[in-house]
2 protein chains.
Amino acid sequence: MNSEFTIAVHSLVLLAHLPDHMATSEEIAANVSTHSARIRKVMGFLRKAGYVSTKEGIGGGFILSCKPEEVTLGEIYRLTCQGTLKPSWCSGDESKPCMISSKMDRLMGKVFCDAEKQMENYFEGHTIGSMLEQIRAFECPQSNTESLS
Amino acid sequence: MNSEFTIAVHSLVLLAHLPDHMATSEEIAANVSTHSARIRKVMGFLRKAGYVSTKEGIGGGFILSCKPEEVTLGEIYRLTCQGTLKPSWCSGDESKPCMISSKMDRLMGKVFCDAEKQMENYFEGHTIGSMLEQIRAFECPQSNTESLS
DNA sequence: CAATCTGTAACGGTTACAATGACAGTAAGC
DNA sequence: GCTTACTGTCATTGTAACCGTTACAGATTG
């Protein structure tokens, strides 16, 4: 799996942690530990799906436009990674006369698709809000500092 | 996910379809559509785990040494891919004072681990035997030919 | 000892992914 | 209206994972 799912979740949790704060792509990138252009790309998906609002120009950035406890990780997974569980590499050869070789790829496609649905089902049980709660529940000696850096 | 899981499943289903037949890595590779050296590598894992027996030298090859209906895809997944669901890329930075940044990677690690377990749980519901049955159940006009090529 | 097979390591090409740079477009403040 | 500070997006480069392939030692048969 590529890491856009992780970046999207991290960014949303961060924004949920900073309500009413316009965070720039630079701020988010520093927090996530990646480049701001990557953040802007992922945030583009989240904007089109209505999870964040963006504002260009001075004082602009990103802000949450949804309720954290209503956004599940399943939605974010589908937005960023759906269909990527199955390897692109294909087993067998449909043109072969052998029953196994000619049908294995179709069968594995079904298996991977169903497995992915199971995983999505697990992700449905978690929300951006519950993720933030879990982070806050970790034992955190220095958690009172609200620095972004 | 890399494709060793797929190769292992395909090879085992093929061997289950050809009971009492010593299949060489060349034969299996032709059926799977890959190189024989890759087959030998994957079969090495399956041999060490006791799913197949191998024989070197003339007349050698691979043969199933388990009951197809007792081998689940979950076992094969753990053997070939366990732990690969989580991207190697890491979000955040443990050394940062920010609660979100410093704890996100640990949290995502747990999320991916649990998601993988869900997927494994799905794979547990399928066996090499049931996979073979599904292939045989496909509508197959030319399925009587038992050619390997 | 010759032929055929596994077991395993190494190398090279290709593809996917991440980091980065660049720049047009947009909005705010002066 | 000009400057500044942002987003949105594309192109390029570096890098790691993956797959195909070659090579060869070891084992077994005849």
Side-chain angles (χ1 to χ4, degrees), chain A residues 1-8 10-11 15 21-49 51-65 80-81 83-93 105 148, chain B residues 1-8 10-11 15 21-49 51-65 80-81 83-93 105 148:
Chain A
M1 193 181 320
N2 72 24
S3 52
E4 293 190 350
F5 173 65
T6 302
I7 292 175
H10 187 143
S11 301
L15 291 179
H21 176 80
M22 265 286 179
T24 67
S25 59
E26 287 288 345
E27 286 174 327
I28 301 173
N31 199 271
V32 171
S33 290
T34 186
H35 197 273
S36 57
R38 263 199 106 189
I39 296 294
R40 291 198 292 274
K41 182 186 176 199
V42 173
M43 298 308 269
F45 298 141
L46 298 178
R47 173 177 53 82
K48 286 167 192 163
Y51 297 116
V52 299
S53 298
T54 68
K55 194 180 163 200
E56 301 184 5
I58 295 179
F62 303 89
I63 194 167
L64 212 62
S65 61
T80 54
C81 294
T84 61
L85 184 65
K86 181 180 193 289
S88 53
W89 186 88
C90 283
S91 182
D93 181 347
D105 187 51
L148 276 174
Chain B
M1 194 182 319
N2 72 25
S3 50
E4 292 191 349
F5 173 65
T6 302
I7 292 175
H10 188 143
S11 301
L15 292 179
H21 175 80
M22 266 286 178
T24 66
S25 59
E26 287 288 344
E27 286 174 326
I28 300 173
N31 199 272
V32 171
S33 289
T34 186
H35 198 274
S36 57
R38 267 200 101 189
I39 296 295
R40 290 198 293 273
K41 183 186 175 199
V42 173
M43 297 308 268
F45 298 142
L46 298 178
R47 174 178 53 82
K48 286 166 192 162
Y51 297 116
V52 298
S53 298
T54 67
K55 194 181 163 199
E56 301 183 6
I58 296 177
F62 302 90
I63 193 167
L64 212 63
S65 61
T80 55
C81 295
T84 61
L85 184 65
K86 181 180 191 290
S88 54
W89 187 87
C90 283
S91 181
D93 182 346
D105 188 51
L148 276 173

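Fair warning: this is a prediction, and the values are worked out from it, not measured in the lab.
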Sequence-distant partners of [X], side chain to side chain contact (heavy atoms under 4.5 Å, CB included), two or more places apart:
{"X": "D105(A)", "value": "K86(A), C90(A)"}
{"X": "S33(A)", "value": "D93(B), K96(B)"}
{"X": "E26(A)", "value": "T24(A), S36(A)"}
{"X": "I58(A)", "value": "none"}

List, with names and distances, any nitrogen or oxygen atoms from the protein found under 3.5 Å away from nitrogen or oxygen atoms belonging to nucleotides 9-18 of chain D.
unit_1 : atom_1 : unit_2 : atom_2 : d
dT9(D) : O4     : R40(A) : NH2    : 3.2

Is there a side-chain contact between T24(A) and the phosphate of dA5(D), meaning an N or O under 4.0 Å from OP1 or OP2?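 Looking at the OP1 and OP2 atoms of dA5(D), neither is under 4.0 Å from any side-chain N or O of T24(A).
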
Would you say S25(A) places a side-chain N or O within less than 4.0 Å of OP1 or OP2 belonging to dT7(D)?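 So the side chain of S25(A) is within the cut-off, an N or O lying under 4.0 Å from OP1 or OP2 of dT7(D).
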
With no hydrogens and no angle check, is any side-chain donor or acceptor of S65(B) less than 3.5 Å from a backbone partner on Y51(B)?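 Looks like yes, one N/O pair under 3.5 Å.
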
Validation row: I39(A), T34(A) side chains within 4.5 angstrom (heavy atoms):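 In contact.
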
For [X], side chain to side chain donor-acceptor pair (under 3.5 Å) partners two or more places apart:
{"X": "S3(A)", "value": "R38(A)"}
{"X": "S91(A)", "value": "H10(B)"}
{"X": "S25(A)", "value": "R40(A)"}

Going 5' to 3' along DNA chain C, between which two nucleotides do contacts with chain B fall, using a heavy-atom cut-off of 4.0 Å?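 Nucleotide range in contact with chain B: dA3(C) to dA19(C).
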
Using a cut-off of under 3.5 Å, enumerate the N/O to N/O pairs linking the protein to nucleotides 26-29 of chain D.
unit_1  : atom_1 : unit_2 : atom_2 : d
dG26(D) : N2     : E56(B) : OE1    : 3.3
dA27(D) : O4'    : E56(B) : OE1    : 2.5

Taking only residues two or more places apart in sequence or in another chain, which ones pass salt bridge (charged side-chain N to carboxylate O under 4.0 Å, His left out) with K55(A)?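 Residues passing salt bridge (charged side-chain N to carboxylate O under 4.0 Å, His left out) with K55(A): none at all.
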
